[in-house]
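One structure below.
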2 protein chains.
Amino acid sequence: MRITLKTIAEESGFSITTVSRALAGYDDVNEETRRHIIAIAERLGYQPNLSARQLRSQQSHTIGMVIPLTPYFSDPFFMELLSGVGRQAAEHNYDLRLSAQVPGQDELNAYHRMVAGRQVDGVVLARVHHQDPRIAYLQQAQHPFVVFGRSDAEDYPYIDVDSGSGIRLLVEHFADYGHQRIALILSPRDLMFTTLRLRGYREAFESLNLPYREGYIQEGDLSQRGGLEAAERLLQLADPPTAIIACNDLMALGAMTTIQRRGLRPGQDIAVAGFDDIPAALDAEPQLTTIHQPIYQIGRQLTDMLVNLMQGNTPDKPHILLQPELIIRASSGPKR
Amino acid sequence: MRITLKTIAEESGFSITTVSRALAGYDDVNEETRRHIIAIAERLGYQPNLSARQLRSQQSHTIGMVIPLTPYFSDPFFMELLSGVGRQAAEHNYDLRLSAQVPGQDELNAYHRMVAGRQVDGVVLARVHHQDPRIAYLQQAQHPFVVFGRSDAEDYPYIDVDSGSGIRLLVEHFADYGHQRIALILSPRDLMFTTLRLRGYREAFESLNLPYREGYIQEGDLSQRGGLEAAERLLQLADPPTAIIACNDLMALGAMTTIQRRGLRPGQDIAVAGFDDIPAALDAEPQLTTIHQPIYQIGRQLTDMLVNLMQGNTPDKPHILLQPELIIRASSGPKR
DNA sequence: ATTGACATCCGAAACGTTTTGGATTATGCT
DNA sequence: AGCATAATCCAAAACGTTTCGGATGTCAAT
């Protein structure tokens with residue numbers, strides 16, 4: 001049989017109200033009564049029915065996330081963000097509600113179910129697109145949410161890494177190492193940060209007076225395979241690049257594989273750099289030069305922001321723009 | 001203002017009951033009435049309050065998972081399982097509830113909250129330990145659950161890959177390629193599958209009459225770093241192995257890095273094999289020989305089993321033991 | 001006119017909490 | 001004694017849904 005407040009009330013002889021208040025720690029219940037009630041609750045293994053509590057108190061103590069569903073491809077970026085959010089959520093006694101959805105209409109519906117269905121108190125969003133409809137919806141619904149990444153408009157709480165200057169750092173680094181032909185493996189165009197990183201690449205080229213060349217920008221889908229294929233296209237060029245910057249580490253690792261398969265040495269023959277600094281970057285051979293993004297930490301910080309919002313506070317600092325950190329490792333190769 | 005059934009009832013002039021039944025598709029409501037009500041619901045953007053529905057109908061349409069929380073380390077195995085479960089859950093119109101917890105008491109509490117708090121209709125469990133208390137709890141609570149992996153007792157629904165014969169296949173493969181000194185990078189001892197894989201290793205050694213040597217078994221923590229370090233210990237032995245089998249791909253990749261750093265060629269000089277067949281195995285250089293575990297598919301199948309259980313059926317086949325598939329790639333090196 | 005069958009609708013209870021607004025009793029103070 | 005105060009308790013409402021058990025009206029058959 002289910003153990004409810006009623007069970008404990010009958011068992012103890014007190015009313016449901018008193019049992020509830022005793023367990024909730026109100027100070028208008030006698031200490032002895034409270035002990036008695038708590039003892040019974042423990043003996044019976046009472047666990048409050050959380051959907052009843054949720055219905056009554058109008059809050060779920062749950063944070064919602066919709067994760068993009070791409071079969072056979074697990075994204076370390078997202079997993080790390082998820083870890084950070086989950087960790088800090090647990091810290092604040094929140095759980096996570098996940099809905100795995102392929103990007104598109106179903107994804108939006110999932111947000112609607114969560115938000116209007118009162119299943120979550122707040123939402124964490126990542127991988128922002130241009131004119132992101134999810135952001136539009138959440139704003140209109142006036143529901144607490146935080147975002148990893150800026151979008152076109154910036155009138156919502158977000159944390160972002162200054163992607164543009166990250167790429168700039170990498171281009172400058174390779175130029176400093178004597179490279180002229182520096183290629184870029186770009187992320188998909190509909191992602192917001194792609195624009196920012198491309199801008200950083202162009203700005204650096206301009207200020208350093210490097211020779212700009214159309215074929216040096218190849219698109220990948222953020223996967224290792226995508227980077228591998230983009231690098232193949234780069235190395236088939238008449239004057240292939242001597243340095244390759246990828247928009248994430250996974251694609252950079254793929255590029256290193258391509259280089260090896262062609263009998264060249266990553267680092268020595270062709271310099272490679274990534275973006276993110278995922279754990280695998282450190283364990284690759286050669287170790288990968290990259291831009292450090294503290295994704296896990298950002299997940300935690302985002303969660304703190306969100307919890308703050310959910311408690312009705314307006315955040316003192318709704319926008320955080322982190323300066324990226326250049327991590328030079330062996331895949332940069334020697335100076336030339 | 002919140003849009004509830006009451007709003008629609010007032011707007012349409014019908015009762016709450018009729019509105020509810022119209023939207024739920026009962027056939028005791030006039031078709032015209034239904035159309036009218038649906039039109040109003042859509043115009044107002046009605047979204048049922050799911051915690052009310054949950055409270056009344058005593059089911060959450062949610063599947064629970066507790067994910068192990070290890071900072072700074074994202075596990076592709078778990079991510080892939082999560083993808084599979086999330087995908088198939090979405091297919092059945094279920095969401096996921098995640099609680100990230102460090103293994104231990106908090107983890108157990110999370111299960112208790114979910115199950116006794118009526119937040120989930122069923123639970124998916126992975127990474128089984130010896131005498132796993134989570135399984136004990138779920139059995140005693142009589143709550144639907146499915147498990148990836150066998151434990152000591154097998155009186156619950158699970159899917160597992162025959163780990164033992166997987167390792168046996170690898171040992172036989174390397175023996176066939178002319179190796180005698182075959183080492184094993186083992187997973188942590190408290191995991192159930194560790195026992196099974198170790199048994200497979202020993203059985204193969206016995207039936208092939210290979211020279212058994214204590215130092216050839218090194219433990220790792222399932223991470224790339226762990227495999228890297230275990231391989232270092234192996235290569236420092238007086239008579240280092242000529243072939244290394246790791247209990248998962250991540251550790252195998254780490255081992256390959258160690259081999260490269262020592263100026264040796266994985267495959268050519270020292271054969272390497274993993275277990276899991278994660279995507280990165282295919283993109284490594286050289287590509288990794290491994291045992292294919294269809295984790296994503298298993299996640300989906302587990303979810304099907306669970307949904308079946310949650311609907312009150314007893315599964316026709318509560319135990320599925322999949323035969324592993326040996327995938328031979330370049331890291332096996334040449335025959336000797 | 002009565003009956004039965006059918007189509008359509010609805011009131012009220014129930015799910016298990018939390019909270020509001022007292023009620024009751026005991027205590028201290030004048 | 002009379003009265004305010006404090007300590008302790010509780011009945012009932014509310015959260016928004018689903019469902020049980022009719023109620024009502026219509027129509028054809030008797």
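Sequence lines set the chain letters: A, B, ... in the order given, protein chains first and strands last, and positions in each chain run from 1.
- Rounded to an integer number of Å, the gap from CG of B:L50 to C1' of D:dC15 is 14 Å.
- Along DNA chain C, the nucleotide closest to A:R2 and the one closest to A:R21 are compared, and the more 5′ of them pairs with A:R2.
- The aromatic rings of A:H112 and A:Y137 stand perpendicular to each other, their planes meeting at an angle above 60°, with 30° marking the opposite boundary.
- Using a 4.0 Å heavy-atom distance criterion, A:R118 is classed as making no nucleic acid contact.
- One finds a side-chain N or O of A:T33 lying less than 4.0 angstrom from the OP1 or OP2 phosphate oxygen of D:dC9.
- Contact annotation for B:T17: base contact, defined as any heavy-atom pair under 4.0 Å involving a base atom.
- For D:dT17, the base has no donor-acceptor partner in the side chain of B:R53 [N/O atoms by modelled type, under 3.5 angstrom].
- Residues A:S99 and A:R113 meet the side-chain proximity criterion, which asks for heavy atoms closer than 4.5 Å.
- Put simply, CD on A:E31 is 10 Å from P on D:dC9, counting in whole angstrom units.
- Taking 4.0 angstrom as the limit, B:T18 places a side-chain polar atom (N or O) nearer than this to OP1 or OP2 of C:dC10.
- No engagement by A:S51 is indicated, since no non-hydrogen atom pair under 4.0 Å with the nucleic acid exists.
- Considering only side-chain N and O atoms, B:Y26 lies nowhere under 4.0 angstrom from the phosphate OP1 or OP2 of C:dA7.
- In this structure, the nucleotide among D:dC15, C:dT17, D:dT18 sitting nearest to the side chain of A:Q58 is D:dC15.
- B:S60 and B:R97 share no side-chain donor-acceptor pair at under 3.5 Å.
- If you take CZ of B:F14 and P of D:dA23, they are 21 Å apart, rounded to a whole angstrom.
- Salt-bridge formation is not detected for the pair B:E32/B:R35: no Lys NZ or Arg NE/NH1/NH2 atom is positioned less than 4.0 Å from an Asp or Glu carboxylate oxygen.
- Between the CD atom of A:E10 and the P atom of D:dC10 there is a distance of 13 Å, given to the nearest Å.
- D:dT17 atom P lies 13 Å from atom CD1 of B:I37, rounded to whole Å.
- Within 6.0 Å of the CD atom in A:Q140, the count of heavy atoms belonging to other residues, nucleotides or ligands exceeds 12.
- No donor-acceptor contact under 3.5 Å links the side chain of B:N30 to the base of C:dC9.
- The 5' end of DNA chain C is approached more closely, in terms of each residue's nearest nucleotide, by B:D27 than by the other of B:D27 and A:Q47.
- OP1 or OP2 of D:dT18 sits under 4.0 Å from a side-chain N or O of B:S20.
- Atom CD1 of A:I8 and atom P of C:dT18 are 11 Å apart (whole Å).
- What separates CZ of A:R113 from C1' of D:dG16 is a distance of 18 Å, to the nearest Å.
- Sparse packing is recorded around CG of B:D27, with 12 or fewer heavy atoms of other residues, nucleotides or ligands lying under 6.0 Å away.
- Residue A:D28 is classed as a base contact, given a heavy-atom separation below 4.0 Å to a base.
- Comparing A:G13 and B:T4 against DNA chain D, the residue whose closest nucleotide sits nearer the 5' end is A:G13.
- The A:A52 side chain lies nearest to C:dT17 when the options are C:dT17, D:dT17, C:dC10.
- For the pair B:L5 CG and D:dT18 C1', the computed distance is 9 Å after rounding to whole Å.
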